[in-house]
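Notes for the one structure printed next.
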Amino acid sequence: MDHNKKTKEMIEQGKAVLGIEFGSTRIKAVLIGEDEVPIASGEHDWENRLENGIWTYTLEDIWTGLQDSYQKLTNNVKQRYDAEITQLAAIGFSAMMHGYMVFDKAGELLVPFRTWRNTITEQAAAQLTELFDYNIPQRWSIAHLDQAILNNEAHVENIDYLVTLSGYIHWQLTGEKVLGVGEASGMFPIDIQTKDFNQRMIEQFDERIAKKGYYWKLRDILPKVLSAGETAGVLTAQGAKKLDVSGKLQAGIPLCPPEGDAGTGMVATNSVAVCTGNVSAGTSVFGMVVMEKELSKVYPEIDLVTTPTGNLVGMVHCNNCTSDLNAWVNLFKEFAESFGMSIDMNDLFGTLYKKALEGDKDCGGLLAYNYFSGEPVTNLEEGRPLFVRKPDAKFNLANFMRVHLMASLSVLKAGFNLMLKEEGVKVDKMLGHGGLFKTKGVGQSILAAAIDAPVFVMDTAGEGGAWGIALLASYMAHKADNETLDAYLNQKVFAGQEGSRIDPDPADVKGFDEFLAVYTAGLPIEQSAVDMFR
């Protein structure tokens, strides 16, 4: 039997697994077969909006995007295999972590969704970090809640449920108010012994707001925390209609715990084991290392989250990565089109990225800041993309591309220096995934220089988190008794796949260190741009 016919039968028998991830610019649906390999996909592009000073997406954006990505997936399945999806072995949803979605008892959204991108919770984040003696970043759900309380926002007394985007979608499709532990760790600190929200800190928070007299206690309004492998409910008849407007998808399909893009990135790169790490680089960039032990002190630059199985992870999260780089590439595209040239975007990105490898190791006196929005790691509340050079700098295309690539990873490098150099956190291998790594060898070698460790990129790197959440759904559906997620990934998904490896070049490492010193010293230029250019 040929491969396509076999795949058609497998889909029609309901043995495929679906993963859908809501990224910040793209909603992606991936269907995988019994061998865990993607067999079809569908995508929907979307953009966050800045409304009344808040970065948000509307509920309509969420549902039309979900339905469109699923519809495109089913069209892809029909086209490739002449098959219809009516049943599935499992489904998983993931989304960008953190943020603030609050609902009243009737299930109505109380205020527009506040995404991770908002840097409006500085006061709350600082006070909670002190209260818990645990780093609470601005984008965490608890910081948003606490800031709303500090601001005396009227909606707070009516909160019945506080959740993230993936948890919201899961709740609407299954009726279950649950969240995977990795995603939950970006709402509120996790106790890594119990794999649940930290009870001591919950009590501290309740005590702190007791005088407000709200009818709710914190745990009442948070989702229930589940670990990878647990069943998190089934698709309801109403949920099936919300996902598949054609009405062909049947109810009753089991769902895995909804996760965040950090956890799905770990799964998609097989970096859930201790001493492995991964860097996800797209609109934002975050790097994570699964740690052997807790850090010696609180670092505002390092978030503590968990793997989907509840192991402690040190994470450096930066709000900005490739947006400015992409804007410059689009400018080159516009230039080419002005001369009547039609250029494939993949070719354009590939050519320009490769040019960066010819540049000076320290970027030859060029400096760039890629801040579309604020950047808490470097204490910037707002961002202004900025390019600066000395009159005698080596201003050529290679250095221009290199400086924008290095700027994309500079804040990440600053945070990683604390983990790897100050705390001595061990990294045996780092895996790269996301748009920055699509051009072979370029983003990979810049990252290796940034962290001074070997960087691996797998062929599946472009699949990203949607594949990662599909794997978590598949693990829930197919795991053997007592089979760990690490073992499942190593033996059934990534057996024999290490990906391409690039070791750090000492000259690149030195050049990046020199560039970072200039970048750090130049931060007041960026602050001046924010202050002056309003």
Pairing residues for [X] by the side-chain hydrogen bond (donor to acceptor under 3.5 Å, both in side chains) criterion, not counting sequence neighbours:
X      : answer
Lys241 : none
Gln87  : Gln250
Lys217 : none
Thr236 : none

List the atom pairs, donor and acceptor, that lie under 3.5 Å between side-chain atoms in residues 96-111 and the rest of the protein, sequence neighbours left out.
unit_1, atom_1, unit_2, atom_2, d
His98, ND1, Gly186, O, 3.0
His98, NE2, Arg139, NE, 3.1
Tyr100, OH, His155, NE2, 2.8
Asp104, OD1, Ala106, N, 2.9
Asp104, OD1, Gly107, N, 3.1
Asp104, OD1, Glu108, N, 2.9
Lys105, NZ, Tyr215, OH, 3.3

I need the [X] [atom1] to [Y] [atom2] distance, nearest 0.5 Å.
X      : Y      : atom1 : atom2 : result
Ser24  : Leu165 : OG    : CG    : 11.0 Å
Thr351 : Ile343 : OG1   : CD1   : 8.0 Å
Leu50  : Trp55  : CG    : CH2   : 4.5 Å
Phe437 : Ile502 : CZ    : CD1   : 10.0 Å
Thr306 : Leu312 : OG1   : CG    : 8.0 Å
Ser185 : Asn311 : OG    : CG    : 11.5 Å

Practice problem: For this output row, return yes or no: ring centroids of Phe188 and Phe132 closer than 6.0 angstrom. | Solution: yes
Quiz item: Can you check whether Trp46 and Tyr57 have ring centres sitting under 6.0 Å from each other?
Solution: yes
Mind checking what makes salt bridge (Lys or Arg N to Asp or Glu O under 4.0 Å) contact with [X], not counting sequence neighbours?
X      : value
Glu176 : none
Asp503 : Arg501
Asp428 : Lys426
Asp61  : Arg49

Looking only at side chains, do [X] and [Y] share a donor and an acceptor under 3.5 Å apart?
X      : Y      : result
Thr121 : Gln147 : no
Thr119 : Gln138 : no
Glu183 : Thr164 : yes

Quiz item: Under 30°, 30 to 60°, or over 60°: which ring-plane class applies to Trp63 and Tyr168, parallel, tilted or perpendicular?
Solution: perpendicular
Heavy-atom distance under 4.5 Å between the side chains of [X] and [Y], does that happen here?
X      : Y      : answer
Met476 : Glu230 : no
Leu128 : Phe205 : yes
Val17  : Leu471 : no
Leu66  : Ile20  : yes
Phe197 : Asp191 : no
Val181 : Ile190 : yes
Trp140 : Val305 : yes

Mind listing the closest non-hydrogen atom pair of [X] and [Y] along with its distance?
X      : Y      : value
Val455 : Gly432 : CG1-N, 4.3 Å
Leu179 : Ser166 : CD1-OG, 4.0 Å
Thr283 : Ser323 : CG2-OG, 3.6 Å
Gly180 : Pro257 : CA-CB, 3.6 Å

Practice problem: Give the C-alpha distance, both sets of side-chain angles, the deciding distance and a yes or no for side-chain contact (heavy atoms from CB on, under 4.5 Å) between Thr276 and Asn270. | Solution: CA-CA 9 Å; Thr276 58; Asn270 194 21; over 6 Å; no
Which pairs pass salt bridge (charged side-chain N to carboxylate O under 4.0 Å, His left out) with one or both residues in [range], sequence neighbours excluded?
range            : result
residues 67-78   : Asp68-Lys72, Lys78-Asp82, Lys78-Glu84
residues 477-494 : Glu483-Lys492
residues 34-44   : Arg26-Glu43, Lys28-Glu43

Quiz item: Do Glu12 and Lys8 sit within salt-bridge range, that is, some charged N less than 4.0 Å from a carboxylate O?
Solution: yes
Quiz item: Between Arg219 and Asp196, is there a side-chain N and carboxylate O pair less than 4.0 Å apart?
Solution: yes
Quiz item: side-chain contact (heavy atoms from CB on, under 4.5 Å) between Leu431 and Val457: does it pass, once the steps are laid out?
Solution: CA-CA 6 Å; Leu431 294 110; Val457 172; over 6 Å; no
Quiz item: Is it true that the NZ or CZ of Lys177 lies under 6.0 Å from the centre of Tyr161's six-membered ring and within 45 degrees of the ring axis?
Solution: yes
Quiz item: Checking side chain to side chain donor-acceptor pair (under 3.5 Å) for the pair Ser246/Gln71: CA distance, chi angles, key distance, verdict?
Solution: CA-CA 8 Å; Ser246 77; Gln71 202 171 356; over 6 Å; no
